[in-house]
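Beneath this line is the structure, given in structure tokens, with notes to follow.
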Amino acid sequence: MNPFMKRAVELAIDNVHDGGQPFGAVLVHDQQIIAEGVNTLHKTYDISGHAELLAIRKAQEKLQTNDLSGYTMYASGEPCPMCLTAMYFAGIENVYYCCSLEDAVQVGLGKSKEIYQNLQKNKEERSLTMIQMPLEKGQVNPMKLWKEHK
């Protein structure tokens, strides 16, 4: 097994022994581990405390950048939609994972698969209702303000 994937799986196993879910992640650049993470939901009650997100946060803080182009993520499980989206935003170019979404479903961790399926629907058909509320007349538009300040 690839040494980075082996480390991600080891982190996941240790996390299960610690009372957490079976997810570990290792972020790599130039064949060096830059950051690691495990799901911390059981400790922090923070739904965004996923292994991949925590590895990304650690790397970005350490390197003082939002751009992780050229980096590779190794994850013990197939990334959820939230983690996958964060990887897109960070510019991560390659993701390797060990256990699939189907493997997660079989052990009772099927929320990611449900979300992936839900995201394939039109906005109006999704289980999460989204309603746009336009700015009021004369209100400062934060998007235009940002464009002016960049």
> Would you call the rings of Tyr96 and Tyr74 parallel, tilted or perpendicular, where under 30° means parallel and over 60° means perpendicular?
Replying inline: parallel

Less than 4.5 Å apart, any side-chain heavy atom of [X] and any of [Y]?
X	Y	result
His42	Asn15	yes
Pro22	Leu109	yes
Gln32	His29	no
Leu63	Tyr71	yes
Asp14	Val38	no
Ser112	Pro81	yes
Arg7	Glu10	yes

> More than 12 non-hydrogen atoms from neighbouring residues, nucleotides or ligands closer than 6.0 Å to NZ on Lys121, yes or no?
Replying inline: yes

> Taking everything shown except Tyr97 itself, do over 12 heavy atoms lie less than 6.0 Å from its OH?
Replying inline: no

Short question: side chain of [X], backbone of [Y] - any donor-acceptor pair under 3.5 Å?
X	Y	value
Glu36	Val26	no
Asn141	Met143	yes
Gln64	Glu61	yes
Glu78	Leu101	yes

> In Å and rounded to the nearest 0.5 Å, what is the CG to CD1 distance from Asp18 to Ile13?
Replying inline: 14.0 Å

>> Let's go through Lys113 and Glu102 carefully: what are the C-alpha distance in whole Å and the side-chain angles of both, what is the deciding distance for salt bridge (charged side-chain N to carboxylate O under 4.0 Å, His left out) to 0.1 Å, and is it a yes or a no?
In response: CA-CA 8 Å; Lys113 186 170 184 176; Glu102 288 72 23; 3.7 Å; yes

> Asp67 and Thr65: side-chain donor and acceptor closer than 3.5 Å?
Replying inline: no

